**Student:** 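Next up is a structure, given as structure tokens.
Computed over heavy atoms, backbone and side chain alike; hydrogens, waters and symmetry mates excluded. Computed from a predicted structure; not experimentally measured.
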Amino acid sequence: MASRIGKVTRRTLLVGAVAVAGGAAFGVWQIRRPLDNPLAPERGATLNPFLIIDGDGVTIITPRAEMGQGIHTTLAALVAEELDVAWEQVKSWHGPPSASYFNGALMHAALPVAEYAMTGWQTALAETLGRASRVLGLQVTGGSTSTVDAYERLRLAGAGAREALKAVAAERLGVEPAALSTADGHVIAPDGIRLPYADLAEAAATRPVPQPELRDPSQWRLLGRSLPRLDMVAKVTGTAEFATDIKLPGLKCAALRLCPHLGGGMEGFDPAPALAVAGVEEVIDLGDGVGVVARNTWAAMQGAAAVEVTWTPSPLPQDTDAMLARIAEAFEGRHNSRMRNDGDPEGALAGAAPLEVEYRVPFLHHSTMEPMSATAWLHDGQLELWCGNQAPRLHVDRAADAAGIDPADVTLHTTYMGGGFGRRAESDFTHYAAKLAAALPGTPIRLTYSREEDMAHGFFRPAAIARMRGAVADGRAVAFDAQVAAPSVSQQAIGRMTGRRMGGPDKGHVEGLFDQPYAIPNCRVRGYLADLDVPVGFWRAVGNSQNAFFHECFIDELAHAAGADPLAFRLRHIRERHAPSARVLEAVAEMSDWGNPPEGHAHGVAFTFSFGTPTAQVVELTDTGRGLKITRAWIACDPGRVLDPAIVRAQMESGLIYGLSAAVTGEITFAEAAVEQRNFPDYDALRMHTAPRITVRILEDTPHMGGVGEPGTPPAAPALANALHALTGTRARSLPLKHHAEFIV
């Protein structure tokens with residue numbers, strides 16, 4: 001499968017819809033531009049290839065990474081709905097590296113405004129920026145954008161293919177296309193004659209794709225309901241292919257030993273102890289560490305652990321306290337952004353008895369269940385790669401550079417991945433796999449990070465400090481002033497990906513703080529970028545994940561200062577600003593029977609608008625006498641148009657659990673600028689017996705489609721911290737909560 005898709009990319013889909021292995025590839029040429037001549041795009045613009053019809057059936061190319069979130073199912077359904085094929089006929093492949101698969105929705109968040117408050121012209125401008133992003137060719141899975149980006153584009157791909165097939169059938173049958181219908185992969189004539197799509201595909205691929213009309217949602221057969229997931233059978237039966245499942249003739253296995261002191265290097269090493277390990281064959285100098293190649297992965301990992309290495313120290317602050325002190329120093333400089341500045345916060349605070357508090361959160365690891373891995377094979381001047389990744393073109397470029405070849409000579413096969421959360425947008429593991437393959441040309445190398453190396457060399461969610469000031473009067477918040485300091489994820493990650501340092505105000509640094517729909521007359525949010533080069537990267541929900549903790553815990557404190565019920569306090573400020581957000585709060589109040597927790601239990605509430613989706617959560621915390629246990633959780637969300645309710649529900653549940661795990665136990669600490677946590681025993685997560693029973697309600701009132709992969713995470717930590725306060729009276733202003741109370745884990 002993977003090899004075939006590589007051939008399709010290189011030889012067939014370069015210029016348009018042409019025959020593919022006795023069938024055809026279809027797509028939409030330059031979205032929102034005339035579709036009458038897809039074989040001659042102006043100035044070399046390419047077709048967007050999403051569909052292959054051949055003698056084997058219907059294969060839908062899904063251009064986003066499947067990491068457990070179900071996106072291959074939803075994207076395939078968008079095409080299949082308009083194409084009129086039975087769900088049982090559908091197969092799915094991940095899209096190969098190609099600018100044709102650009103993610104335009106990534107640009108929707110570029111405007112420096114709160115998304116919930118975007119006007120019509122701002123929304124139109126965001127869409128224009130999205131279409132313009134085809135020039136950048138950002139083929140990225142992230143930002144909860146996959147469905148938002150694909151919603152119209154993939155439906156057009158299916159509808160255009162359907163109409164092209166009908167046009168060919170009309171010529172053969174001597175009837176008007178309008179007289180024909182389609183169903184289950186056939187064009188159907190008025191007299192009942194059924195022509196299979198496979199018999200029409202080659203001819204249809206030689207003509208311009210008609211401008212199709214999209215079906216009204218009232219006519220949908222597949223979208224809007226929960227479908228059997230396309231990846232589920234393979235995953236349940238163990239036949240799903242991950243990077244560590246690749247088997248090639250003569251394959252060798254590899255493991256890494258990199259400098260544990262972040263930013264440090266390698267002065268020298270002795271390979272002899274590694275070569276004495278049974279099965280180890282090579283120890284390769286990688287510059288900043290060594291790669292050990294062996295007959296199996298276990299031998300490679302044992303060999304890597306045995307190498308005697310002399311490391312050079314890190315130039316970074318040496319321990320966690322010193323790093324936090326460096327972050328705090330950022331407050332002494334000029335702010336990078338002031339994304340919200342309503343009214344007169346200083347005047348309002350001067351005329352009141354302000355509440356002033358400081359919050360802190362630690363560095364966090366992605367801790368994907370599958371550690372970083374990639375398989376690389378350099379042969380005949382060509383490099384083949386197999387890896388789970390969130391940015392195929394970036395991985396191709398990084399691998400080509402490591403192997404010293406042209407990117408055009410790299411073929412990347414994107415496999416399933418056992419979790420991403422932003423970590424697999426980074427390309428370090430592809431770089432090392434390619435470097436090892438280049439050192440041993442002709443030998444396929446399957447690289448797997450040990451859990452210890454994976455934990456030590458992540459791109460962490462940054463530690464952050466927030467200084468909050470506020471005041472209340474007559475049961476309302478009259479002033480809200482937030483300052484947050486942390487290393488910049490956007491500057492670091494975008495710099496690694498593009499080779500350019502991002503300038504200007506960093507919106508992502510303060511998302512979750514400045515863009516919440518609370519009507520507070522005097523409100524200011526400032527962001528400070530810390531000069532600290534600990535490697536940080538995109539972590540599920542990015543800035544929202546820590547800023548929601550700051551925002552929603554402080555809102556809770558303001559509610560208590562006003563003598564108000566925390567949920568009613570939120571509603572009072574949100575109702576007049578954004579009705580869909582108010583409705584999710586009302587829904588979660590009803591679901592949880594807010595205000596009436598059972599004896600020995602307490603409820604905490606939090607709300608966050610992120611990635612276009614307002615989400616409210618109530619978490620129930622119980623004192624068992626043996627420790628605190630999270631027993632129940634309720635989630636209400638409104639992503640607008642819902643394409644697959646079961647997938648939305650699963651994403652909300654997983655986002656909550658990911659956020660609760662980080663809130664209770666998540667913490668990366670440093671000594672000698674090296675990560676102290678080595679494996680899951682010291683970087684734990686919720687287990688089945690400690691996870692709450694979760695209820696989800698999905699609303700569809702938001703006018704624009706929002707994302708669902710990340711919005712379940714930001715409210716989790718503050719809802720739990722607020723429940724802790726309600727149960728014990730402890731106001732935790734730092735994470736993880738295991739430092740403030742004893743949890744059952």
Side-chain angles (χ1 to χ4, degrees), residues 317 319-331 357-367 421-422 458-468 482-490 492 506 508-514 516 525-530 532 534-557 604 606 608 610 619 655-656 658-670 675-677 683-685 710 713-722 724-725 730-741 743:
D319 58 31
T320 308
D321 288 343
M323 291 178 182
L324 286 168
R326 178 73 61 85
I327 292 172
E329 288 174 7
F331 289 118
V357 297
E358 182 176 282
Y359 294 93
R360 294 189 173 208
V361 296
F363 290 97
L364 291 178
H365 198 276
H366 292 84
S367 62
F421 313 123
F459 295 85
F460 311 101
R461 190 190 81 172
I465 302 172
R467 293 177 178 173
M468 316 289 288
Q483 300 179 81
V484 61
S488 171
V489 169
S490 299
Q492 277 204 31
D506 188 337
H509 194 73
V510 291
E511 62 184 0
L513 265 175
F514 87 94
Q516 299 307 296
V525 175
R526 289 167 287 177
Y528 297 80
L529 305 187
L532 179 64
V534 173
V536 295
F538 299 121
W539 190 91
R540 193 173 190 171
V542 203
N544 294 283
S545 68
Q546 66 262 28
N547 291 332
F549 174 70
F550 304 147
H551 189 282
E552 287 298 290
C553 286
F554 191 59
I555 287 291
D556 229 59
E557 294 206 50
T608 308
S610 64
V619 171
L656 170 84
Y658 197 70
L660 292 177
S661 294
V664 175
T665 62
E667 182 180 33
I668 291 294
T669 58
F670 296 89
V675 173
E676 294 185 293
Q677 290 69 32
Y683 193 85
D684 213 341
E710 292 162 281
T713 297
L720 179 58
N722 292 336
L724 177 64
H725 178 263
T730 298
R731 177 61 72 182
R733 297 192 180 107
S734 64
L735 296 178
L737 296 176
K738 68 180 182 180
H739 296 317
H740 301 278
F743 284 79

**Student:** So Thr608 and Gln516, side chain to side chain donor-acceptor pair (under 3.5 Å) or not? Walk me through it.
**Tutor:** CA-CA 7 Å; Thr608 308; Gln516 299 307 296; 4.8 Å; no
**Student:** From Arg733 CZ over to Phe550 CZ, what is the distance, rounded to the nearest 0.5 angstrom?
**Tutor:** 13.0 Å
**Student:** Should Val534 and Phe670 count as side-chain neighbours, where that means a heavy-atom distance under 4.5 Å?
**Tutor:**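 Yes - at least one pair of side-chain heavy atoms lies under 4.5 Å apart.
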**Student:** Gly543 and Glu511: which non-hydrogen atoms are nearest, and at how many Å?
**Tutor:**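 For Gly543 versus Glu511, the nearest heavy atoms are N-OE2, 3.0 Å.
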**Student:** How far apart are the closest heavy atoms of Ala741 and Leu724, and which atoms are they?
**Tutor:**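 In this case the closest contact between Ala741 and Leu724 is CB-CD1, 3.9 Å.
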**Student:** Could you grab the distance from atom NE2 of His739 to atom OG of Ser734, nearest 0.5 Å is fine?
**Tutor:** 7.5 Å
**Student:** Taking the six-membered ring for Trp and the single ring otherwise, decide whether the centroids of Trp539 and Phe363 are under 6.0 Å apart.
**Tutor:**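 Not close enough - the centres of the two rings lie 6.0 Å or further apart.
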**Student:** Is there side-chain contact between Val361 and Tyr359, with at least one heavy-atom pair below 4.5 Å?
**Tutor:**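 Side-chain contact under 4.5 Å: no.
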**Student:** Please round to the nearest 0.5 Å and tell me the distance separating atom CD of Gln483 and atom CZ of Arg526.
**Tutor:**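 One gets 4.0 Å once the value is rounded to the nearest 0.5 Å.
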**Student:** Examine distances only and state if a side-chain atom of Asp556 and a backbone atom of Asn722 form a donor-acceptor pair shorter than 3.5 Å.
**Tutor:**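 Side chain of Asp556 to backbone of Asn722: no pair is present.
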**Student:** Taking all non-hydrogen atoms of both residues into account, name the closest pair between Ala486 and Ala463 and its distance.
**Tutor:** CB-O, 3.4 Å
**Student:** Can Leu513 and Met468 be said to form a side chain to side chain contact (heavy atoms under 4.5 Å, CB included), step by step?
**Tutor:** CA-CA 11 Å; Leu513 265 175; Met468 316 289 288; 4.1 Å; yes
**Student:** Could you tell me whether the side chain of Leu720 reaches within less than 4.5 Å of the side chain of Val664, counting heavy atoms only?
**Tutor:** yes
**Student:** Does any part of the side chain of Leu364, heavy atoms only, come nearer than 4.5 Å to the side chain of Phe460, both counted from C-beta?
**Tutor:**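 No, side chains not in contact.
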**Student:** Using the side chain to side chain contact (heavy atoms under 4.5 Å, CB included) rule, take Arg360 and Phe549 through it: C-alpha gap first, then chi angles, then the decisive distance, then the call.
**Tutor:** CA-CA 9 Å; Arg360 294 189 173 208; Phe549 174 70; over 6 Å; no
**Student:** Roughly how far apart are Lys738 NZ and Asp684 CG, rounded to 0.5 Å?
**Tutor:**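 Lys738 atom NZ to Asp684 atom CG measures 8.0 Å (nearest 0.5 Å).
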**Student:** Less than 3.5 Å apart, any donor N or O on the side chain of His725 or Glu557 sitting next to an acceptor on the other?
**Tutor:** no
**Student:** Which pair of heavy atoms, one from Ser610 and one from Pro714, lies closest together, and at what distance?
**Tutor:**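 Closest approach of Ser610 to Pro714: OG-CG, 4.1 Å.
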**Student:** Using modelled atom types only, decide if a donor and an acceptor are shared between the side chain of Asn544 and the backbone of Ala541 within a distance under 3.5 Å.
**Tutor:** yes
**Student:** Any sub-3.5 Å donor-acceptor pair from Thr665's side-chain atoms to Ser661's backbone N or O?
**Tutor:**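 Yes, the answer is positive, given that a donor and an acceptor are paired below the 3.5 Å cut-off.
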**Student:** State, with a plain yes or no, whether a side-chain heavy atom of Val510 is found less than 4.5 Å away from one of Asp506.
**Tutor:** no
**Student:** For His551, enumerate each residue passing the ring pair (Phe, Tyr, Trp, His ring centres under 6.0 Å) test, keeping only those at least two apart in sequence or located in another chain.
**Tutor:** Phe480, Tyr518
**Student:** Report the distance from atom CG of Leu656 to atom OG1 of Thr713, rounding to the nearest 0.5 Å.
**Tutor:**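 Here the interatomic distance stands at 8.0 Å.
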**Student:** With the side chain counted from C-beta on, respond yes when Thr669 and Gln677 share a heavy-atom pair under 4.5 Å apart, and no when they do not.
**Tutor:** yes
**Student:** What pairs with Ser367 under side chain to side chain contact (heavy atoms under 4.5 Å, CB included), at least two apart in sequence or on another chain?
**Tutor:**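 Scan of Ser367 (side chain to side chain contact (heavy atoms under 4.5 Å, CB included), adjacent residues dropped) gives His365, Phe680, Tyr683.
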**Student:** For the atom pair CD1 (Ile465) and CZ (Phe331), what is the distance rounded to the nearest 0.5 Å?
**Tutor:** 6.0 Å
**Student:** Closest heavy-atom contact between Val536 and Ser488?
**Tutor:**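 So the two residues come closest at CG2-O, 3.9 Å.
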**Student:** Could you list all the salt bridge (charged side-chain N to carboxylate O under 4.0 Å, His left out) pairs where at least one residue sits in residues 534-555, not counting sequence neighbours?
**Tutor:** Glu552-Arg570
**Student:** Which atom names give the shortest non-hydrogen contact between Pro487 and Pro462, and what distance separates them?
**Tutor:**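 Heavy atoms of Pro487 and Pro462 come nearest at CD-CB, 3.8 Å.
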